[in-house]
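Treat the numbers as computed from the prediction; the structure is a model and nothing was measured. These numbers come from the heavy atoms of this one structure, side chains and all, not from hydrogens, waters or symmetry mates. For ligands, and for the atoms within them, numbers begin at 1 and follow the listed sequence.
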Amino acid sequence: MTELPALPPFPASRPRRLRRTAALRRLTGEISVRPADLVLPMFVAETAAEPRPVASMPGVVQHSLDSLAKAAIAAVEAGVGGLMLYGIPAHKDPTGSGGDDPDGILNRALARLKFELGDATVLMGDLCLDEFTDHGHCGVLATDGSIDNDATLQRYASMALAQAEAGADLLGTSGMMDGQVGVIRRALDGIGRSDVGVLAYAPKYASAFYGPFREAVDSSLTGDRLTYQQDPARGVREALAEVALDVAEGADLVMVKPALPYLDILTAVAAASPVPVAAYQVSGEYAMVEAAAERGWIDRERVLLETLLSIRRAGASLILTYWAHEAALLLQQ
Ligand code: PBG
């Protein structure tokens with residue numbers, strides 16, 4: 001009787017077996033990023049005659065209406081799933097009147113892109129006052145200088161109607177006022193626009209990672225947003241409560257913001273949310289990678305794709321990222 005050969009002195013299970021070839025790795029990969037999962041945030045400035053670079057966000061510009069249309073069409077042709085628009089008005093005032101003016105830059109831009117692209121993409125408008133107010137806050141101020149939550153809701157309702165009229169498919173409620181989703185939902189339904197959806201920015205943290213965005217929208221903010229955006233020291237419990245409120249008020253999607261520093265929150269929200277979950281890879285996340293890459297310290301393309309994969313792995317269905325167009329092209333290869 002022949003003896004069986006002795007088992008090798010190491011485990012039979014060898015995880016490296018499935019890493020041996022590109023084909024094996026491709027077959028066993030579990031997480032993917034599709035161009036259609038990506039949403040490109042874009043800036044349009046009323047006073048821009050041509051694209052103006054945003055210094056702290058290399059590759060990002062404040063568009064004119066014409067350059068916006070051209071860039072939006074190119075991004076959609078590259079397979080990007082949606083566009084989120086931010087408007088920078090020529091004049092700001094205490095109530096942010098440019099936000100609900102049909103001739104305001106954001107509403108004109110939405111109308112222009114609706115005209116150019118129709119239903120070929122998902123068109124989103126930022127529904128917040130901070131780009132339009134001279135004090136830079138996301139709401140209107142009470143006489144003591146605090147943010148007047150309920151007066152702000154009236155302004156948001158009016159902005160919602162203007163953006164719906166201009167052609168937005170989804171309204172991005174980034175202002176963090178209590179009750180904003182419900183007020184906007186009722187305003188839309190009240191004029192028969194139950195077809196327009198709400199992308200609720202919840203949870204949204206008072207993050208220093210928004211720094212470069214302030215330059216991108218010529219923000220006039222001098223203080224901070226600590227009384228309305230969430231405290232980074234609060235955990236999953238509050239995040240889930242914010243999500244539950246927004247869903248109860250009628251949110252069609254919820255979004256975690258920022259993304260990379262809040263992947264724990266994203267995973268918890270993705271597990272609990274009954275509606276699709278987005279994540280916003282914000283300006284500071286983008287700027288950090290661009291700055292390190294500029295110095296030759298990291299491999300830019302690999303890092304940007306890895307960050308997107310991380311955000312998908314944590315549970316996001318869709319990702320807002322300033323790399324959306326470029327990543328869509330890289331992912332097609
Ligand atoms: C508010 C808004 C901000 C961002 C998106 N919407 C700024 C803020 O909350 O201070 C930041 C996005 C980014 O940093 O990329 N309208």
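Scanning all protein heavy atoms for the shortest distance to atom 8 (C) of ligand 1 gives Arg225 NE, 3.4 Å. Looking only at heavy atoms of the protein, atom 12 (C) of ligand 1 is closest to Phe213 CD1, 3.3 Å. Among all non-hydrogen protein atoms, the one lying nearest atom 14 (O) of ligand 1 is Ser283 OG, 2.7 Å. Considering only non-hydrogen protein atoms, atom 16 (N) of ligand 1 sits nearest to Asp130 OD1, 2.7 Å. Protein heavy atom at the shortest distance from atom 15 (O) of ligand 1 is Tyr322 OH, 2.5 Å. Scanning all protein heavy atoms for the shortest distance to atom 4 (C) of ligand 1 gives Lys257 NZ, 2.8 Å.
No salt bridge links Arg185 with Glu249; every basic N to acidic carboxylate O contact stays at or beyond 4.0 Å. The residues Arg108 and Asp103 are annotated as not salt-bridged, no charged nitrogen and carboxylate oxygen being separated by less than 4.0 angstrom. The pair Asp37-Arg34 meets the salt-bridge criterion, with a side-chain N (NZ, NE, NH1 or NH2) lying under 4.0 Å from an Asp/Glu carboxylate O. Between Arg112 and Asp66 a salt bridge is recorded (basic side-chain N to carboxylate O distance below 4.0 Å).
At a 4.0 Å heavy-atom cut-off, ligand 1 touches Cys128 through the side chain alone. At a heavy-atom cutoff of 4.0 Å, ligand 1 is contacted by the side chain of Tyr280 but not by its backbone. Residue Asp126 touches ligand 1 through its side chain alone, judged by heavy-atom distances below 4.0 Å.
Between the side chains of Glu215 and Ser56, at least one donor-acceptor pair of N or O atoms lies under 3.5 Å.
A 4.5 Å side-chain heavy-atom check between Val247 and Pro274 finds at least one atom pair inside the cut-off.
Every atom of ligand 1 is numbered from 1 in the order shown, and the set under 4.0 Å from a heavy atom of Ser174 is 1 (C), 2 (C), 6 (N), 16 (N). Those atoms of ligand 1 with a heavy atom of Gln229 less than 4.0 angstrom away are 8 (C), 9 (O), 10 (O). When each atom of ligand 1 is checked for a heavy atom of Glu131 under 4.0 Å away, the hits are 16 (N).
Using 4.0 Å as the threshold, Lys204 has a heavy atom nearer than that to some atom of ligand 1. At least one heavy atom of Arg214 sits less than 4.0 Å from an atom of ligand 1.
Smallest separation of non-hydrogen atoms from Leu153 and Gly179: CD2-C, 4.0 Å.
Of the options Gln281, Glu285, Met57, Glu290, a side chain to side chain contact (heavy atoms under 4.5 Å, CB included) to Tyr322 is made by Met57 and by none of the others.
Within the cation-pi definition used here (under 6.0 Å to the ring centroid, within 45° of the axis), Lys204 does not qualify as a partner of Tyr262.
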